[in-house]
Amino acid sequence: MFEARLLRGSILKKVLEAIKDLLTQATFDCDDSGIQLQAMDNSHVSLVSLQLRADGFDKYRCDRNISMGMNLNSVAKILKCAGDKDTVTMKAQDNADTVTFVFESPNQEKVSDYEMKLMNLDLEHLGIPETEYSCTIRMPSAEFARICRDLSQFGDSMVIACTKEGVKFSATGEIGSANIKLAQTASVDKEEEAVIIEMDEPVTLTFACQYLNYFTKATSLSPQVQLSMSADVPLVVEYRIQDIGHIRYYLAPKIED
Amino acid sequence: KIVQFPIKVYFAMT
């Protein structure tokens, strides 16, 4: 039997909001270490990797490894029925063909359960190599979401240039060109609002705004976002989910052919 | 010409 119970049910609600526009279906791979989900978006351009560790749940039981193929639009609809303060439990019998979501209101007076059919998905699994990145930028996630939204009005690509002084986001298009420069925060008193850059060597790469704007749907999961860049390898946009895991998005840079 | 390669070009299937 598989059962995962989370008092902070809003995390699962936010996770679905963060992936449902990019992926229509995905497999939740569960074992005794926790829940992993990895899937390419429908156009196979970007990759999403979610990890929710067992020790982050208030109760976690996984007698046998189980892979649950789900339609994420359906899961998102079900999780929309959960209150922000509800406890959410996911459970499934071993080799079951359905999964059940149980929502309990804080005062236990309202308990809802939703049973959903599972899908047989044989999605490809990709190996993500361990990579040392030339540049790593930690910044407020709301700031990054704002920059992606603003610059995508100017062009369908965004250039991210990282040096030890700071990071510059640029876009050009018919209506003109836009540049947003963020300096590295000098005195880091509030980590969550700081821009922190670790740079081995400067990097300038171009990315499709459309995908970056999909990634920023995860903004509500974490006050900070971490961008990791190296020449000619995919960008990693990571949102840490407090005390339980992370969601990482991978996108290859656009390159001159 | 600027091209966008799919992620599979960079990460091998396991």
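In what follows, every chain begins at residue 1, and chains take the letters A, B, ... in the order their sequences are listed. As the structure is a computational prediction, the values presented were derived from the model and not from experiment.
When all heavy atoms of B/Y10 and A/I255 are compared, the pair lying nearest together is OH-CD1, 4.0 Å. The two atoms that bring B/F11 and A/G127 nearest to each other are CB-O, 3.4 Å, heavy atoms only.
For the options A/P129, A/P253, A/A252, heavy-atom pairs under 4.5 Å to chain B are most numerous at A/A252. Heavy-atom pairs under 4.5 Å with chain B peak, among A/L47, A/L126, A/L251, at A/L126.
In this structure the side chain of A/H44 reaches within 4.5 angstrom of the side chain of B/K8, judged on heavy atoms. By the 4.5 Å heavy-atom criterion applied to side chains, B/V3 and A/K254 are not counted as neighbours.
With B/T14 contributing its side chain and A/H125 its backbone, the two residues share a donor-acceptor pair below 3.5 Å.
For the atom pair B/Q4 CD and A/Q210 CD, the distance stands at 9.5 Å (nearest 0.5 Å). A distance of 14.0 Å separates CD1 in B/I7 from OH in A/Y249, rounded to the nearest 0.5 Å.
Atom CZ of A/F2 is surrounded by more than 12 heavy atoms from other residues, nucleotides or ligands within 6.0 Å. By the 6.0 Å contact criterion, CG on A/D122 is open, its count of non-hydrogen atoms from other residues, nucleotides or ligands being 12 or less.
Heavy-atom distances place no part of A/D41 under 4.5 Å from chain B, backbone and side chain included.
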